[in-house]
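Computation of the quantities below employed the complete heavy-atom set of this structure, encompassing side-chain atoms and omitting hydrogens, waters and symmetry-equivalent molecules. Letters go in sequence order (proteins before strands), and every chain restarts at 1.
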Number of protein chains: 2
Amino acid sequence: MTHEPKHMLVLDRVLDAPAAKLWRCWTESELLKQWFCPKPWFVSEARLDLRPGGEFYSVMNGPDGERFENFGVFLEIEPERRLVTTDAFLPGWIPTERAFMAAHVRFEPQGDKTHYVARAMHWNDETLKQHEQMGFHQGWNMAADQLEALARSL
Amino acid sequence: MTHEPKHMLVLDRVLDAPAAKLWRCWTESELLKQWFCPKPWFVSEARLDLRPGGEFYSVMNGPDGERFENFGVFLEIEPERRLVTTDAFLPGWIPTERAFMAAHVRFEPQGDKTHYVARAMHWNDETLKQHEQMGFHQGWNMAADQLEALARSL
């Protein structure tokens with residue numbers, strides 16, 4: 001049976017960098033820290049255990065001392081093509097305090113460029129609207145700019 | 001980092017059947033249908049795709065024509081030892097309409113018997129309480145009785 005996602009926000013762009021380099025930026029913690037938050041926010045710590053159920057953890061910091069821990073796990077990994085993560089589980093498949101979203105990220109090579117599609121899927125319309133109000137579109141676009149620039153520098 | 005589950009309901013019993021047979025009852029759809037619901041309720045349909053992200057679907061039917069579809073996926077499979085499922089996702093890692101629980105089931109051989117631990121983990125206390133009021137303890141115990149009897153008949 002095929003299911004259609006509801007409650008979905010989408011970023012769909014062509015990035016001017018090869019999929020293999022974008023993949024490195026997504027999956028190596030020292031690279032992820034450099035682009036994952038729109039500046040002046042920054043990631044101070046990241047742990048990535050790249051396997052189904054493996055930890056995906058980061059700490060986001062704001063310019064006024066804000067600090068947010070992001071807990072989650074990887075759900076599916078298809079090297080250089082597809083990543084699925086969620087904040088609904090901690091390692092060991094323990095439910096977090098809140099299931100906010102699953103992120104589906106696709107990398108499709110187009111010559112030296114990459115068709116990059118990042119989808120944020122939510123459990124209901126309330127959290128989708130919260131995510132929009134938190135600035136999903138601007139935030140994920142700014143992060144994608146940073147991702148593209150970093151990948152080009154590798 | 002080790003995380004402790006919160007919002008958890010537990011069934012912990014020794015079943016008088018070997019782990020390998022209990023495992024078959026849990027993972028073969030035609031067997032699952034025979035024990036998964038406390039009678040007089042019954043399962044009319046079940047689909048099990050035994051891999052991480054694979055479908056775990058069943059339809060429960062009541063004596064007065066009630067019909068409930070249960071959607072979900074498998075998260076982790078350790079043959080004859082451990083199963084983790086959740087109703088938070090549909091196949092393709094698409095969020096369901098509601099993340100209610102993750103079920104962690106353990107089978108530890110003890111001679112010809114099996115130490116059987118089934119844990120229902122919830123995202124918050126509200127759904128835990130709902131699950132208790134729906135009759136978690138009685139329901140999962142009755143189902144475990146049926147599971148044990150079926151496994152012994154194999």
A.B. asks: What residue, out of B:Thr96, B:Asn124, B:Val84, B:Thr86, has the most heavy-atom pairs lying under 4.5 Å from chain A?
C.D. replies: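 Most pairs with chain A among the choices: B:Thr96.
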A.B. asks: Determine whether the aromatic ring centres of B:Phe89 and A:Trp123 lie less than 6.0 Å apart.
C.D. replies: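 Yes, they do, as the ring centres are separated by less than 6.0 Å.
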A.B. asks: Quick one: of A:Leu90, A:Leu75, A:Ile94, who has the most non-hydrogen atom pairs under 4.5 Å with chain B?
C.D. replies: A:Leu75
A.B. asks: Select, from B:Gly92, B:Ala102, B:Gly53, B:Pro95, the one with the greatest count of heavy-atom pairs under 4.5 Å involving chain A.
C.D. replies: B:Pro95
A.B. asks: Heavy-atom pairs under 4.5 Å with chain A: which of B:His7, B:His104, B:Met8 has the most?
C.D. replies: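 When all of B:His7, B:His104, B:Met8 are compared, B:His104 has the most.
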A.B. asks: Is the B:Tyr57 ring parallel, tilted or perpendicular to the B:Phe71 ring (thresholds 30°, 60°)?
C.D. replies: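 Answer is tilted, since the angle falls between 30° and 60°.
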A.B. asks: Can you tell me how the ring of B:His131 sits relative to the ring of B:Trp140, calling it parallel under 30°, perpendicular over 60° and tilted otherwise?
C.D. replies: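 B:His131 vs B:Trp140 ring planes: perpendicular.
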A.B. asks: Heavy-atom pairs under 4.5 Å with chain A: which of B:Arg98, B:Glu76, B:Arg119 has the most?
C.D. replies: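 Of the candidates given, the most pairs with chain A belong to B:Glu76.
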A.B. asks: Passes side-chain contact (heavy atoms from CB on, under 4.5 Å), B:Asp49 versus B:Phe74? Steps please.
C.D. replies: CA-CA 8 Å; B:Asp49 180 9; B:Phe74 289 97; 5.5 Å; no
A.B. asks: Quick check on B:His122 against chain A: is it the side chain, the backbone, both or neither that has a heavy atom closer than 4.5 Å?
C.D. replies: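 Contact with chain A involves the backbone of B:His122 alone.
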A.B. asks: Check the angle between the aromatic planes of A:Trp35 and A:Trp26 and answer parallel, tilted or perpendicular using the 30° and 60° thresholds.
C.D. replies: perpendicular
